[in-house]
Number of protein chains: 2
Amino acid sequence: MGRPKAGEPELGRELIAETALDILDSEGLEALSLSQIARVLNVQTSALYWYFKSKAALYEYLCELIFRRVLDDVDPSLTGRDLLYAFGRGFRSNARSSRDAAKLISVGGVSEGLRTELIPGLLRRVAVGGISPLEARQAVTAIEALSLGWAIFEGSQNPVVGEVMRQTNDQNDSAFERALHALAYGFGTDSAKKNPA
Amino acid sequence: MGRPKAGEPELGRELIAETALDILDSEGLEALSLSQIARVLNVQTSALYWYFKSKAALYEYLCELIFRRVLDDVDPSLTGRDLLYAFGRGFRSNARSSRDAAKLISVGGVSEGLRTELIPGLLRRVAVGGISPLEARQAVTAIEALSLGWAIFEGSQNPVVGEVMRQTNDQNDSAFERALHALAYGFGTDSAKKNPA
DNA sequence: ACCTGAACACCGTTCAAGT
DNA sequence: ACCTGAACACCGTTCAAGT
C-alpha cells in the first residue's frame, strides 16, 4: 500500500479535487483536510504537495471547478438579464447539491483562471442591449452575493431560512426566485434608482 | 504571569470575545484560534474552556454579538420595507468595518438568542402594513443573503467586486444600495412576481 | 518525476491537579 | 469557582531521501 496499484486511478489534481469534494459533501468543511484526503487516497499527506503548493491553492482550484460547473450548466445562448437570472439559479442549485460548497467559496481564494477568464467572459455576455459594462459588473456582483449568501444560510441552521425551509420546498424555491427576479430584472431600472422616502 | 494581576481586566466571556474580534480584525479568520486568544490574554488555552464549551460555542457567541450590534445601529422606529433597507445597510457596513466578520458569520453556527429572540423580533417589525409574516421571512432572508454575500466578496479578493472596488467608493456603495433597494422595495411587488419570458 | 518518512510548530479538547 | 499543566490526536508544511 502507498504505492500505485494496478487498476487504481492515478494520483493527480483531478483525483485530489474529486476526493476533496466528496469529503466536503459527506463530512463538511470542518473535516476537509489534506490529511483526510491523503488518508482516503492511501498516500502520504506530503504527496499532495507535489500537485498543490498549499491548502489554499487546493481551495482555489476547487472554487474554480465549482464555478466552471455552474457556467457549464447555463444555456450558452442566454445573454443580458436572462443570463443573470439563469446564472443565479445555477449558482444556488449547485451550491445546494454539495454540502458546504458555499462555505468553501466564502473561505477560499480566487484563482487566476476565475479572475482572468471565467468572470470577464460572463461579464461580456451580460453587457448587451441597454446594459453598460459597469452595470453588468454591478449586477453580476449582486447576483453572486445573493446566491452565495442564500446558499450559506440554506446549508447552515440559520433560523430565518430554517423556518422557510420547514415550509414546502416549492415555497422556498419561489422565495429565492422572487428575490433573484427582483435583482436580475429590477436592478438598474427606474424603480431601483429611486431612493426611499 | 498567568495569574490575574491587579489592574488587568478580569477574564470572562466579554473579554474573550473582544480579544477574538480584535484578532479577527487584525489578522483574519485563519489566525483566529483559541491558542492565539489565550496567548494575547496571558492565560492557558484550557482556561477558555471554563467560559466556552468549545470553539464553535465561542463562534456562535461572536456571531450573535455582531448581529446585536447591527440591530442596535438601526433606527428603532423603522418598520416594514424601510427597516429591511436599513437592516441591510447596517449589516454590510458592520461586516465591512471588521475584517473577515462576514466569513465568521458564514462559518459560525447560530446561537439560541439569535434564533429565539433577535430574529423573531426583527420579523415582527418587518411584517406590518401589507407585508404578511411569510413575506417578511422571505424578505429578511433575501436581505441577509445579499448583505452577507456582498460583504464576503468585499472582504475577499473577488475579481468582480474587486473591479467594482477599484472604482470610487461612492460608485460601489451605490451598487450595493441599488441592489438592496431592488430587494427591499421590489420584493413581493407585482414586478417581482412575474416570471421572465 | 513522483512519492515516502521523519520532523516541526501549531491546533482543539480533556482532565487531573492545584488554589 | 477558576485556572494550570500535562497529555492526546490531529493539522499544515518542509525537506532530505528514496526510486
Side-chain angles (χ1 to χ4, degrees), chain A residues 1-24 26-63 100 103-104 106-109 111, chain B residues 1-24 26-63 100 103-104 106-109 111:
Chain A
M1 60 169 111
R3 233 55 63 71
K5 293 176 190 161
E8 269 199 2
E10 231 177 309
L11 191 57
R13 290 172 79 92
E14 316 288 312
L15 182 60
I16 294 171
E18 289 306 330
T19 308
L21 289 181
D22 281 350
I23 295 171
L24 190 71
S26 56
E27 315 193 36
L29 184 60
E30 303 249 300
L32 179 56
S33 65
L34 295 180
S35 326
Q36 179 65 13
I37 296 170
R39 217 171 288 131
V40 172
L41 290 175
N42 250 306
V43 295
Q44 296 295 323
T45 307
S46 49
L48 304 180
Y49 280 83
W50 183 259
Y51 300 96
F52 294 99
K53 74 173 209 290
S54 66
K55 190 189 179 187
L58 169 63
Y59 276 22
E60 277 190 16
Y61 187 85
L62 294 175
C63 288
D100 278 3
K103 281 188 185 178
L104 173 69
S106 76
V107 154
S111 69
Chain B
M1 56 171 112
R3 232 56 62 71
K5 292 175 190 160
E8 268 197 3
E10 229 176 308
L11 191 57
R13 290 170 81 91
E14 316 287 313
L15 182 60
I16 293 171
E18 290 305 331
T19 308
L21 289 181
D22 281 350
I23 294 171
L24 190 71
S26 56
E27 315 193 36
L29 184 60
E30 303 249 301
L32 180 57
S33 67
L34 294 180
S35 325
Q36 179 64 13
I37 296 171
R39 217 171 288 129
V40 171
L41 290 176
N42 251 306
V43 295
Q44 297 294 323
T45 307
S46 50
L48 304 180
Y49 281 82
W50 183 258
Y51 300 96
F52 296 100
K53 75 174 208 289
S54 66
K55 188 189 180 187
L58 169 61
Y59 276 22
E60 276 189 16
Y61 187 85
L62 294 177
C63 288
D100 279 1
K103 283 188 184 177
L104 173 70
S106 75
V107 155
S111 69

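The model shown is predicted, which means the values in this text are computed figures rather than measured ones. Sequence lines set the chain letters: A, B, ... in the order given, protein chains first and strands last, and positions in each chain run from 1. Side chains included, hydrogens not; waters and symmetry mates left out as well; all remaining heavy atoms used.
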message: In the structure I gave you, are the side-chain heavy atoms of Leu11(A) and Trp50(A) within less than 4.5 Å of one another anywhere?
response: no
query: Quick one: is Arg13(A) getting a side-chain N or O under 4.0 Å of the dC2(C) phosphate, OP1 or OP2?
result: no
Ranges pairing with ranges for DNA chain C, where each run has three or more Watson-Crick or G-U pairs under 3.5 Å: C:4-8 with D:12-16, C:12-16 with D:4-8
field: Partners meeting side chain to side chain donor-acceptor pair (under 3.5 Å) with Thr45(A) (sequence neighbours left out)
entry: none
- line: Considering only heavy side-chain atoms of Leu11(B), the closest of dC3(D), dC11(C), dT13(C) is dC3(D)
field: Sorted by number, the residues of residues 45-53 of chain B with heavy-atom contact under 4.0 Å to DNA chain D
entry: Ser46(B), Ala47(B), Trp50(B), Tyr51(B)
- line: Rounding to 0.5 Å, atoms CD (Glu18(A)) and CD1 (Ile23(A)) come to a distance of 11.5 Å
Glu10(B) CD to dA1(D) P, straight-line distance once rounded to whole Å: 15 Å
query: When rounded to the nearest 0.5 angstrom, what distance separates CZ in Phe52(B) from CG in Leu34(B)?
result: 10.0 Å
query: Can you check the Leu32(B) CG to dC10(C) P distance for me, whole Å?
result: 16 Å
- prompt: Roughly how many Å is it from CD in Glu30(B) to C1' in dG12(C), rounded to a whole number?
  reply: 16 Å
query: Do the side-chain N or O atoms of Ser35(B) get closer than 4.0 angstrom to the phosphate oxygens (OP1, OP2) of dC10(C)?
result: no
- prompt: Distance from Thr19(B) atom OG1 to Leu41(B) atom CG, nearest 0.5 Å?
  reply: 4.0 Å
- prompt: How long is the line joining CG of Leu41(A) and P of dT4(C), in whole Å?
  reply: 11 Å
statement: Ser33(B) meets the side-chain contact (heavy atoms from CB on, under 4.5 Å) criterion, sequence neighbours left out, with Ser35(B), Gln36(B)
- line: Rounded to whole Å, the CD-P distance (Gln44(B) to dC11(C)) equals 13 Å
field: For Tyr61(A), all residues meeting side chain to side chain donor-acceptor pair (under 3.5 Å), sequence neighbours excluded
entry: Glu14(A)
Arg39(A) side-chain N/O to dA9(D) phosphate OP1/OP2 under 4.0 Å: no
message: From CG of Leu58(A) over to P of dT13(D), roughly how many Å is that when rounded to an integer?
response: 10 Å
Leu21(A) CG to Ile37(A) CD1 distance, which is reported to the nearest 0.5 Å: 9.0 Å
query: Rounded to whole angstroms, how far apart are CG on Leu34(B) and P on dC11(D)?
result: 17 Å
task: To the nearest Å, give me how far apart CD1 (Ile37(B)) and P (dC10(C)) are.
output: 16 Å
query: Which residues pass the side-chain contact (heavy atoms from CB on, under 4.5 Å) test with Ser54(A), sequence neighbours left out?
result: Ala56(A), Ala57(A)
